Amino acid sequence: MGDALARVLVVDDNEVIRQLIAVNLQLEGFEVHTAVDGEDCLARVGEVQPDVITLDIMMPRLDGWVTASRLREDAATRSMRVLLITARAQEDDVRRGKEIGVDAYLTKPFDPTELIRLVRELAAGNRAEQAG
């Protein structure tokens, strides 16, 4: 495991945003892996074994909703924490996320300190659950 706080898989089709999230988390000591969309996320999640997945909603091929649903349906990925990053966190979105089992939301444009706080919180919760 090394000294990394936790392993995070950052999923976003926008390279600038993907890098922004990755760099912010790396600076805080997280081990960061990236994926370019939902399909890439599902293909990599087994090898990466992340504690937390940050998931953009609007992506080609497989959007954040479908990706989050697939992660929840699979026993191997069900316990991974999912943070949905969305340009529009309206009530419908939040309700839909709750039904799927998303752990938290972050609205774009986001404050990096808020991103870090949420990821740290989710990772700590995931670690505690695995230890317990």
Side-chain angles (χ1 to χ4, degrees):
M1 194 63 224
D3 295 328
L5 282 173
R7 213 175 286 130
V8 184
L9 181 57
V10 175
V11 189
D12 201 307
D13 59 312
N14 180 314
E15 193 184 346
V16 175
I17 295 173
R18 197 168 60 239
Q19 287 306 323
L20 174 73
I21 296 171
V23 167
N24 274 293
L25 293 172
Q26 281 162 343
L27 289 171
E28 290 296 311
F30 289 98
E31 179 188 322
V32 181
H33 299 263
T34 59
V36 298
D37 62 25
E39 278 187 24
D40 193 25
C41 166
L42 295 174
R44 302 207 54 213
V45 74
E47 68 178 88
V48 173
Q49 290 291 310
D51 295 290
V52 180
I53 300 168
T54 71
L55 205 49
D56 182 36
I57 290 182
M58 304 298 285
M59 293 184 294
R61 296 207 299 171
L62 220 52
D63 69 14
W65 297 121
V66 179
T67 306
S69 298
R70 299 247 177 110
L71 289 165
R72 286 297 178 249
E73 285 160 12
D74 186 340
T77 56
R78 189 171 292 143
S79 67
M80 292 172 183
R81 299 292 191 234
V82 176
L83 169 61
L84 270 188
I85 299 181
T86 172
R88 31 174 283 254
Q90 275 135 1
E91 270 180 47
D92 288 349
D93 294 343
V94 175
R95 193 176 313 116
R96 187 173 175 186
K98 275 208 177 91
E99 283 165 14
I100 293 171
V102 168
D103 299 289
Y105 286 88
L106 192 59
T107 309
K108 287 180 190 171
F110 57 84
D111 175 353
T113 51
E114 179 70 358
L115 164 78
I116 289 155
R117 184 186 68 76
L118 282 168
V119 170
R120 191 176 270 146
E121 223 169 73
L122 293 174
N126 197 34
R127 291 276 165 98
E129 203 169 272
Q130 283 172 354

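Small disclaimer: the values here were computed from a predicted structure and weren't measured. Reckoned from all heavy atoms, side chains included, excluding hydrogens, waters and symmetry mates.
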Is any side-chain heavy atom of Asp56 less than 4.5 Å from a side-chain heavy atom of Asn14? no
Arg96 meets the side-chain hydrogen bond (donor to acceptor under 3.5 Å, both in side chains) criterion, sequence neighbours left out, with none
As a quick check of understanding, evaluate side-chain contact (heavy atoms from CB on, under 4.5 Å) for Lys108 and Ile17, giving each step before the final call. CA-CA 10 Å; Lys108 287 180 190 171; Ile17 295 173; 3.9 Å; yes
Applying side-chain contact (heavy atoms from CB on, under 4.5 Å) to Ile21 and Phe110, what does each step give before you reach the verdict? CA-CA 10 Å; Ile21 296 171; Phe110 57 84; 3.5 Å; yes
Are there more than 12 heavy atoms of other residues, nucleotides or ligands under 6.0 Å from atom CZ of Arg44? yes
Kindly indicate whether the side chain of Leu106, heavy atoms from C-beta on, has any atom under 4.5 Å from the side chain of Leu118. yes
Quick one: CD1 on Ile53 to SG on Cys41, what's the gap to the nearest 0.5 Å? 5.0 Å
Does Tyr105 reach the main-chain N or O of Thr86 with its side chain, forming a donor-acceptor pair under 3.5 Å? no
Taking only Lys NZ, Arg NE, NH1 and NH2, and the carboxylate oxygens of Asp or Glu, determine whether Arg117 and Glu121 approach each other closer than 4.0 Å. yes
Checking Leu55, Thr107, Thr54 against Ile85 for side chain to side chain contact (heavy atoms under 4.5 Å, CB included), the one that qualifies is Thr54
Closest non-hydrogen atom pair, Val11 against Gly38: CG1-N, 4.2 Å
Examine Val36 and Val23 and state if one hydrophobic cluster contains both, with Ile, Leu, Val, Met, Phe, Trp and Tyr joined whenever side-chain heavy atoms are less than 4.5 Å apart. no
Go through Leu71 and Val82 one step at a time and tell me if the side-chain contact (heavy atoms from CB on, under 4.5 Å) criterion holds. CA-CA 9 Å; Leu71 289 165; Val82 176; 4.1 Å; yes
Quick check: are there more than 12 heavy atoms from other residues, nucleotides or ligands sitting under 6.0 Å from CD of Glu15? no
Quick one, Glu39 and Leu42 - any side-chain contact, counting heavy atoms below 4.5 Å? no
What pairs with Asp40 under side-chain hydrogen bond (donor to acceptor under 3.5 Å, both in side chains), at least two apart in sequence or on another chain? none
Interatomic spacing from CG in Leu20 to CG in Leu25 - rounded to 0.5 Å: 9.5 Å
May I have the step-by-step check of side-chain contact (heavy atoms from CB on, under 4.5 Å) for Asp37 and Leu62, ending in yes or no? CA-CA 7 Å; Asp37 62 25; Leu62 220 52; 5.7 Å; no
Please report the shortest heavy-atom distance between Val66 and Asp63, naming the atom on each side. N-OD1, 2.9 Å
Distance-only, no hydrogens or angles: does the Arg7 side chain make a donor-acceptor pair with backbone N or O of Val48 under 3.5 Å? yes
Is there any side chain to side chain donor-acceptor pair (under 3.5 Å) pair reaching into residues 18-28, and which pairs are they, with sequence neighbours excluded? Glu28-Arg120
Point-to-point distance, once rounded to the nearest 0.5 Å, from CG of Asp12 to CE of Met59: 7.0 Å
Would a 4.5 Å heavy-atom cut-off, applied to side chains only, mark Leu83 and Asp103 as touching? no
Kindly compute the distance separating CG (Asp93) from CG (Leu84), expressed to the nearest 0.5 Å. 8.5 Å
Kindly compute the distance separating CD1 (Ile116) from CZ (Phe30), expressed to the nearest 0.5 Å. 7.5 Å
